[in-house]
Structure formats: C-alpha cells, structure tokens
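Just so we're on the same page: letters track the sequence lines, and every chain starts at 1.
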Amino acid sequence: MKIATWNVNSLKVRLPQVLDWLRDNPVDALCLQELKLDDDKFPLQAFVDAGYQAQWAGQKTYNGVAIVARQDCLDIQRNIPALDDHQRRIIAATLKCPAGDVRIVSAYCPNGQAVGSEKYAYKLSWYAALRDWLSDELARFPRLAVLGDYNVAPEDRDVHDPAKWEGEVLVSQPERDAFQRLLDLGLSDAFRQFPQEEKSFSWWDYRRFAFRRNAGLRIDHVLLSPALQPLCSACVIDKAPRGNEQPSDHAPVVATLDFGSAS
DNA sequence: ATGGTTGCGTAGCAA
C-alpha cells in the first residue's frame with residue numbers, strides 16, 4: 001500500500017498535474033492540501049474517472065484538504081473536534097483494507113506567517129489542539145498515518161541554509177517543540193526511518209530560483225503510529241512535479257506500507 | 001539590499 005501527501009496550492013490550477021501524477025504514481029491514497037476551492041467546486045468526477053474516490057473539506061481562497069483513495073473512506077472527520085475553527089485544515093478517514101483498516105489524516109498546519117505574529121500564536125495553539133486530538137485518534141485507531149504540510153522543518157538538516165533561517169518561522173524552536181510533541185505521542189517521521197540524500201526538501205519558494213538552487217525546506221511529512229511504522233518499507237520525496245511548468249511550490253511525499261501478501 | 005513569485009480575485013493579502 002502506498003500513501004502520499006501533496007500541497008497542491010490550488011486544486012483548480014493543479015488538477016491536470018495531480019491526475020498526471022496519479023497516473024504515473026498509482027498510490028492507494030493521496031492526501032491533498034491547499035485546495036483553495038469551495039466544497040461544491042471539488043472536481044470529484046475527474047478523480048472517479050481516474051479510478052479513485054474522494055472526501056474533502058473545502059474552503060474558498062484559503063486552505064482546504066482532501067483524501068483521494070482507491071478504497072472506501074469511512075468514519076469521515078472534518079476539522080479538529082475540540083477546535084472551534086472555520087479554517088478547513090483537517091480531514092480524516094478510515095480506509096477499508098483487506099489486511100486491516102488504516103486511519104488516514106490529511107493535515108494542513110498553519111503557516112504562522114512570522115514569529116510573534118497573531119498567525120504564529122494561532123499556529124502554536126492549533127498544534128496543541130492537533131496533539132490532543134491525535135492522542136485520541138491513536139487510542140481509537142492504532143494503525144494511524146498523519147500526512148500533510150506541517151509547515152515545520154524539524155531539524156537543521158531539513159533546512160537548506162540553517163544559519164540564515166535560524167529563529168525564522170517554519171524553523172523556530174517553539175514550532176519545532178510543537179512538532180516534537182506529535183512525535184512524543186509515539187508517531188514517527190517515516191522519511192527519517194531510511195537513509196536519504198543530504199539536502200532533501202519538500203518545499204521551495206517560488207522566488208529567486210529557489211528550486212533550481214535547491215534552496216528548500218522539508219516541511220511536508222508522513223507520521224506513522226507505532227503499529228504502522230514497522231510496516232513502512234520506504235519513504236521518498238518526488239521532486240519531479242516541482243520541475244513542471246506552473247508547479248506547486250511543494251513536492252509530493254510517498255510512503256510504502258507492506259501488509260504482507262494480502263496487500 | 002527587506003527584494004523576489006504565485007493564486008485568488010481584481011487590491012492587496014497569504015504563502
């Protein structure tokens with residue numbers, strides 16, 4: 001089973017690239033972020049035609065998340081239950097699998113804009129609510145995978161120029177601490193379970209030829225519960241779509257889960 | 001040097 005996450009920065013603009021990518025990378029489930037479209041604008045039929053189902057939590061202009069999956073999606077949860085928030089940043093679903101159901105979360109964590117800003121405070125409080133909710137989810141669903149744009153580079157090796165980024169938003173210690181509290185629940189960063197190239201990133205600013213210079217950050221992550229982590233045999237960032245014409249500023253991240261012969 | 005790019009929506013904000 002392959003699961004993936006991709007911040008597409010407008011599904012309307014990126015739909016052809018998402019469909020092309022799914023054709024070439026027929027994953028079982030793809031978590032999307034930053035749809036930037038309302039619920040009634042979600043292009044369901046295009047995914048159905050490609051052999052997928054979908055569940056989504058849309059929002060006009062900002063945010064919006066989805067899970068596109070081959071399997072039936074059950075027990076859909078939109079938003080963090082305890083958080084009174086109009087921003088659409090979370091959707092969760094249980095994927096029916098012969099080898100055992102898997103709970104999938106598609107998360108678009110707040111960007112935070114700038115350290116000390118109102119949006120930064122919102123980011124930290126949102127992370128605390130996410131932690132509390134994921135603690136409950138882990139208890140309910142031992143086989144839990146949380147995929148998305150976390151807007152946090154966990155370590156200096158996830159930053160192209162740590163000295164320049166020191167203390168900046170996406171890298172600051174309070175944000176890293178908030179991310180670490182997710183790992184403290186028992187979740188593990190699938191990408192770091194395997195040897196990786198140095199300077200592996202998942203996001204590159206549109207400006208200043210950042211992708212060409214590989215001036216990026218690793219802020220898109222696949223977090224796996226203790227029950228799933230041993231089943232994960234690979235986790236890779238697919239840089240190719242970032243080189244497309246009119247690309248998203250993020251690259252997809254793909255994790256492979258081996259359930260044995262059944263799946 | 002405080003720039004630069006993209007998307008949304010049609011000015012200026014968010015990322």
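Scored by the side-chain hydrogen bond (donor to acceptor under 3.5 Å, both in side chains) test, A:Asp189 finds A:Arg218 as partners (sequence neighbours excluded). Partners of A:Lys96 according to the salt bridge (charged side-chain N to carboxylate O under 4.0 Å, His left out) rule, which considers only residues two or more places apart in sequence or in another chain, are A:Asp101. In this structure, the salt bridge (charged side-chain N to carboxylate O under 4.0 Å, His left out) partners of A:Arg140, at least two apart in sequence or on a different chain, are A:Asp75, A:Glu137.
On the P atoms, B:dG9 is 14 Å away from B:dA15, given to the nearest whole Å. B:dG7 and B:dA1: their C1' atoms are spaced 27 Å apart (whole Å). When the C1' atom is compared between B:dG4 and B:dA14, the two are found 15 Å apart, to the nearest whole Å. Across B:dA11 and B:dT6, the matching C1' atoms stand 16 Å from one another, rounded to whole Å.
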Which atom pairs, donor and acceptor, lie under 3.5 Å between side-chain atoms of residues 231-240 of chain A and protein residues at least two apart or in another chain?
{"from": "A:Ser233", "atom 1": "OG", "to": "A:Asp258", "atom 2": "OD2", "distance (Å)": "2.8"}
{"from": "A:Asp238", "atom 1": "OD1", "to": "A:Ala240", "atom 2": "N", "distance (Å)": "3.1"}
{"from": "A:Asp238", "atom 1": "OD2", "to": "A:Trp21", "atom 2": "NE1", "distance (Å)": "2.8"}

Residues 40-47 of chain A, side-chain donor-acceptor partners within the protein, below 3.5 Å, at least two apart:
{"from": "A:Gln45", "atom 1": "NE2", "to": "A:Asp49", "atom 2": "OD1", "distance (Å)": "2.8"}

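When heavy atoms are screened at a 4.0 angstrom cut-off, A:Phe209 is found touching no nucleic acid atom at all.
Of the residues near DNA chain B, A:Lys36 and A:Asp149, the one whose nearest nucleotide (by heavy atom distance) lies more toward the 5' end is A:Lys36. Two residues, A:His250 and A:Thr61, neighbour DNA chain B, and the one matched to the more 5' nucleotide by heavy-atom proximity is A:Thr61.
The nucleotide range of DNA chain B contacted by chain A, defined by atoms under 4.0 angstrom from heavy atoms of the protein and reported 5' to 3', is B:dG4 to B:dA15.
Looking only at distances, a side-chain donor or acceptor of A:Asp149 sits under 3.5 Å from a matching main-chain atom of A:Asn151.
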